[in-house]
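Lettering follows sequence order; numbering is per chain, from 1.
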2 protein chains.
Amino acid sequence: MSVNNLSPEEIAEQMTLDHMICFAAYSASQAMNRFYRPILDEMGLTYPQFIVMMVLWEEGQTTMKALSDRLMLESNTLTPLLKKLEAAGLVTRARNKDDERLLDIAATEKGMALKRRGCMAPVELAAATGETLEGVIELQQRLANLRNRLNAKAS
Amino acid sequence: MSVNNLSPEEIAEQMTLDHMICFAAYSASQAMNRFYRPILDEMGLTYPQFIVMMVLWEEGQTTMKALSDRLMLESNTLTPLLKKLEAAGLVTRARNKDDERLLDIAATEKGMALKRRGCMAPVELAAATGETLEGVIELQQRLANLRNRLNAKAS
DNA sequence: GGCAATTACATCGCATGCGATTAGATCGTA
DNA sequence: TACGATCTAATCGCATGCGATGTAATTGCC
C-alpha cells in the first residue's frame, strides 16, 4: 500500500528515526563534518570557519550582513568565529566607510593561500561517498531546494 | 561539458559553496531544526533531545551504548542531555544489573505521553517541504546511504 | 585465579548555533 | 530638520558536538 493512501496520523503512527529526513540530514551533515576534520585540522580550521573561508575564497571580500545571508547564520554565531579567524591572521574586519553599521570582511594573503587545499576537500568528500559526481550534484540540488522552500515558508 | 571530463583539480577550481553537498546538508539540517523549534518548544525539547525521545518512543527502553550507536553521538554529548531529560521527568537512568558498565535508559509515562505530538512533527515537516511524500522518502534514503558509506569508510 | 587489555560511561574544555537583549548608525517622515 | 522606527553587530546565556582524558567494570589469555 502506498503512503499516499495513509492519513497523516497513520503515517505518524509508523514514524521512526530511520524514516525521518531531518535525521538523515542531521547525521549526514555530521558524518561529512567528521570526514573533513582531519583535512581541516591541517589547515587549522573548524567546519563553520571553513565555509566562511569558502565564501571569501570565492568573493575575496564581503560584509557580515552578506555572509550572514549566504551562510544562514546570525551575527551572534559569526562574530566570535570571525574574531578567531582575524586572530589567526586569515581575515581582516573593519567598519564600512559608507555605512558604519556594516562590517567589511576580507581574506588576507595568508587566508587566500589556503584556497587550493580547501577547495579540494569537497571533491575528496564526493569521491568518498561512492556516488557519481552527477549523483552528488543532483542530491545537493534537491537538498538545497528543500532547504530554500523551508526557509521561504518560515519568512 | 560534463563534469566527468574534468580532473579533480579542475573541479576544485570551480568549487563554490553553492555546489557543496556538505553545505546543502548542513544548511538543510539547520533549516529543518528551525522548522521544528516552535513545535519542540511546546514540548520542552531541543532537537537532539527529540531524536533521543524518538528512539525511546520506538523502543520503550534502551542503553547508552545502543543510543550512541543509533544516533551516532558519543556519551560525552548524550550524558548531559540525558541528565536533563531525567531532570524533566521524561526518562530514567540506571545501571544495568548484568553489566554495570551499561546504562539503561527508559521513557517514563510522562515521556511516552509526548509521543503522539512528537511523531506528527516529521510529517508536518515533510508537508512543508512542498515535496511529495515519496520524494521526501527517496531523498531520505539517498542521504542515509551516503552517510552510511562515509561512516563505513571512516571505521 | 590473576592481570593486562578492552569496554562503557563520565568529565572537562573549546567551538559552534541561536534566542534575547543592547548599542550605535541610518532611514523615513512629519 | 527632529526623532521614532529600522537596521546591523555585538554580548550573554544555554544546549549541543566532540577531542582528550579519567574511572570503573568486564573480558581474555596465561
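- Comparing dA10(D), dG17(C), dA15(C) by their closest approach to the side chain of Gln49(A) singles out dA15(C).
- Between Asp18(A) and Arg70(B) there is a salt bridge, since at least one side-chain N of the basic residue sits less than 4.0 Å from a carboxylate O of the acidic one.
- For Glu100(A) and Pro48(A), each mapped to the nucleotide of DNA chain C holding its nearest heavy atom, the one lying further toward the 5' end belongs to Pro48(A).
- Side-chain atoms of Asp99(B) lie closest to dT26(D) of the nucleotides dC18(C), dA9(D), dT26(D).
- Annotation: of the two residues near DNA chain D, Arg34(A) and Arg101(A), the 5′-most nearest-nucleotide partner is Arg101(A).
- Classified by interplanar angle (parallel below 30°, tilted 30° to 60°, perpendicular above 60°), the ring pair Phe50(A)/Trp57(A) is perpendicular.
- Side chain Asn76(A) to base dG19(C): a donor-acceptor pair is found below 3.5 Å.
- For dA10(D), the base has a donor-acceptor partner in the side chain of Ser75(A) [N/O atoms by modelled type, under 3.5 angstrom].
- When the nucleotides dT11(C), dC7(D), dG17(D) are ranked by their closest atom to the side chain of Tyr26(A), dG17(D) comes out on top.
- A sub-4.0 Å separation between OP1 or OP2 of dT11(D) and a side-chain N or O of Lys83(A) is present.
- In this structure, Met64(B) CE and Asp104(B) CG are separated by 11.0 Å, a value rounded to the nearest 0.5 Å.
- Atom CG of Leu78(B) sits about 6.0 Å away from atom CG of Leu71(B), to the nearest 0.5 Å.
- Toward the 5′ end of DNA chain D lies the nearest nucleotide of Met64(A), the other residue of the pair Met64(A) and Thr77(B) mapping further downstream.
- No engagement by Asn33(B) is indicated, since no non-hydrogen atom pair under 4.0 Å with the nucleic acid exists.
- Across dA15(D), dC18(D), dC9(C), the shortest atom-to-atom separation from the side chain of Lys84(B) is found for dA15(D).
- Checked by atom type and distance alone, the side chain of Thr108(A) pairs as donor or acceptor with a backbone atom of Leu90(A) at under 3.5 Å.
- Nucleic acid contact class of Asp98(B) (heavy atoms, under 4.0 Å, all strands): sugar-phosphate only.
- Closest contact between the side chain of Gln30(A) and the listed nucleotides dT16(C), dC18(D), dA8(C) involves dC18(D).
- Listed candidates were dC7(D), dA8(C), dT16(C). Nearest to the side chain of Leu81(A) is dT16(C).
- Using a 4.0 Å cut-off, no side-chain N or O of Arg93(A) falls inside it from OP1 or OP2 of dT8(D).
- Where the helix from dG1(C)-dC30(D) to dA30(C)-dT1(D) starts and where it ends, the local axes point in directions that differ by 20°; five pairs per end, rounded to 10°.
- Atom CZ of Arg116(A) is surrounded by 12 or fewer heavy atoms from other residues, nucleotides or ligands within 6.0 Å.
- Residue contacts for Thr46(A): at a heavy-atom cut-off of 4.0 Å it reaches the sugar-phosphate backbone alone, with no base atom in range.
- Dense packing is recorded around CZ of Arg117(A), with more than 12 heavy atoms of other residues, nucleotides or ligands lying under 6.0 Å away.
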